[in-house]
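Okay, structure first, notes after.
Each chain gets a letter, A, B and so on, in the order the sequences are listed, and its residues count up from 1.
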There are 2 protein chains.
Amino acid sequence: MGMKITTLSALAEPNRLHIVELLRDGPLTVGEIAERLGLAQPQVSKHLRVLSDCGFVEVHPSANRRIYKLRPQPLMEMSDWLESFRRMWEERFDRLDDYLAQLQKKDKE
Amino acid sequence: MGMKITTLSALAEPNRLHIVELLRDGPLTVGEIAERLGLAQPQVSKHLRVLSDCGFVEVHPSANRRIYKLRPQPLMEMSDWLESFRRMWEERFDRLDDYLAQLQKKDKE
DNA sequence: TCTAAATATACCGCGCTTAGAATATGCCTG
DNA sequence: CAGGCATATTCTAAGCGCGGTATATTTAGA
């Protein structure tokens, strides 16, 4: 599949990143999130909507409230994507010299 | 330290994500990146500037050209950040019931 | 059924980011 | 040192995303 832009841009917003980190310690209601972030409730609802659209959270209605809970899937996809870079930084394999030689070889044509 | 917003927003742009994935297979010059992405050279330079500012790439001048090479640091930081969520999705530990009980207990006050 | 509380949606205005085009800079070669 | 190539920077206009405010919706309780 490859890494999704929606996943990254969801986290690229400070308040949303903060929400995700809050939910790491357990589910929370909209009001609680708003309180802890010092944010107005509508903004929180909108951010949660974005997070929900790309699978970061799921909702559990309970009477008046709506309990939001983190979903592992997008985080796992990020982890898989990062895995594809691991070889690069573990083998301290510096292809720069190879590349330079290859460049200069091409230049002679 | 925590996860940096700059790192995430750098990757949240489709062309920049594409550049990072291109560089996964080895260093490239600006011109080559522009060609493979079908992008104009100035935009590529600008994207590389952003990636450079948050430590994603380093430059190696070689005569006329500038060779860009991926740096592992930001990717490692992302990996560390994700590590802090691993417990959540490995222990299939669903705190939702606990949380509900706790909520209703608070309501009685 | 009326009210209050919790949450979601709609609308508006602004600031940031991007692409595009023009221009500047740096480096090699004849 | 003049000219050409690779790259960086600047400027501008347009689009998107965010916060703020007002409003709609749902649910519990009197």
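Summarising the geometry, the separation between CZ on B:R65 and P on C:dC28 is reported as 11 Å, rounded to the nearest angstrom. What separates CD of A:E35 from C1' of C:dA5 is a distance of 15 Å, to the nearest Å. Between the P atom of C:dA6 and the CG atom of A:L48 lies a distance of 16 Å, rounded to the nearest Å. When rounded to the nearest whole Å, the span between CG of A:N64 and P of C:dA8 equals 11 Å. Whole-Å rounding puts the B:I19 CD1 to C:dT18 P distance at 11 Å. Here the C1' atom of nucleotide C:dA8 and the CD1 atom of A:I33 are 14 Å apart, to the nearest Å. Rounded to whole Å, atom P of D:dA6 lies 23 Å from atom CZ of B:R49. The distance from atom CD of B:E32 to atom P of D:dC5 is 17 Å, rounded to the nearest whole Å.
In this model, no side-chain donor or acceptor of B:Q41 finds a partner on the base of D:dA6 within 3.5 Å. Interface remark: the B:Q43 side chain does form a donor-acceptor pair with the C:dG20 base, using a distance-only criterion of under 3.5 Å. Judged by distance alone, with hydrogens and angles left aside, B:K46 brings a side-chain donor or acceptor within reach of the base of C:dG20, the pair sitting under 3.5 Å.
Among the protein residues, A:A63 comes within range of the sugar-phosphate backbone only, with heavy atoms under 4.0 Å from sugar or phosphate atoms but none that close to a base. Using a 4.0 Å heavy-atom cutoff across all strands shown, A:P42 reaches at least one base atom of the nucleic acid.
Using a distance-only test at 3.5 Å, with no hydrogens or angles considered, no donor-acceptor pair links the side chain of A:R66 to the main chain of A:V59. With hydrogens and angles disregarded, no donor-acceptor distance shorter than 3.5 Å links the side chain of A:R24 to the backbone of A:L70. Put simply, the side chain of A:R16 gets close to the backbone of A:S9: a donor and an acceptor are under 3.5 Å apart. The closest donor-acceptor contact from the side chain of A:E32 to the backbone of A:T29 lies under 3.5 Å.
For D:dA6, neither phosphate oxygen OP1 nor OP2 lies less than 4.0 angstrom from any side-chain nitrogen or oxygen of B:R66. Regarding contacts with the backbone of D:dC18, a side-chain N or O of A:R16 is found under 4.0 angstrom from either OP1 or OP2. At the phosphate of D:dG17, neither OP1 nor OP2 sits under 4.0 Å from any side-chain N or O atom of A:H47. For the OP1/OP2 pair of C:dA6 and a distance below 4.0 Å, the side-chain nitrogens and oxygens of A:Y68 include no atom meeting the criterion. Look at B:N15 and you'll find a side-chain N or O under 4.0 angstrom from OP1 or OP2 of C:dA19.
Nearest heavy-atom pair, B:V57 versus B:L48, reported as atom, atom and distance to 0.1 Å: CG2-O, 4.0 Å.
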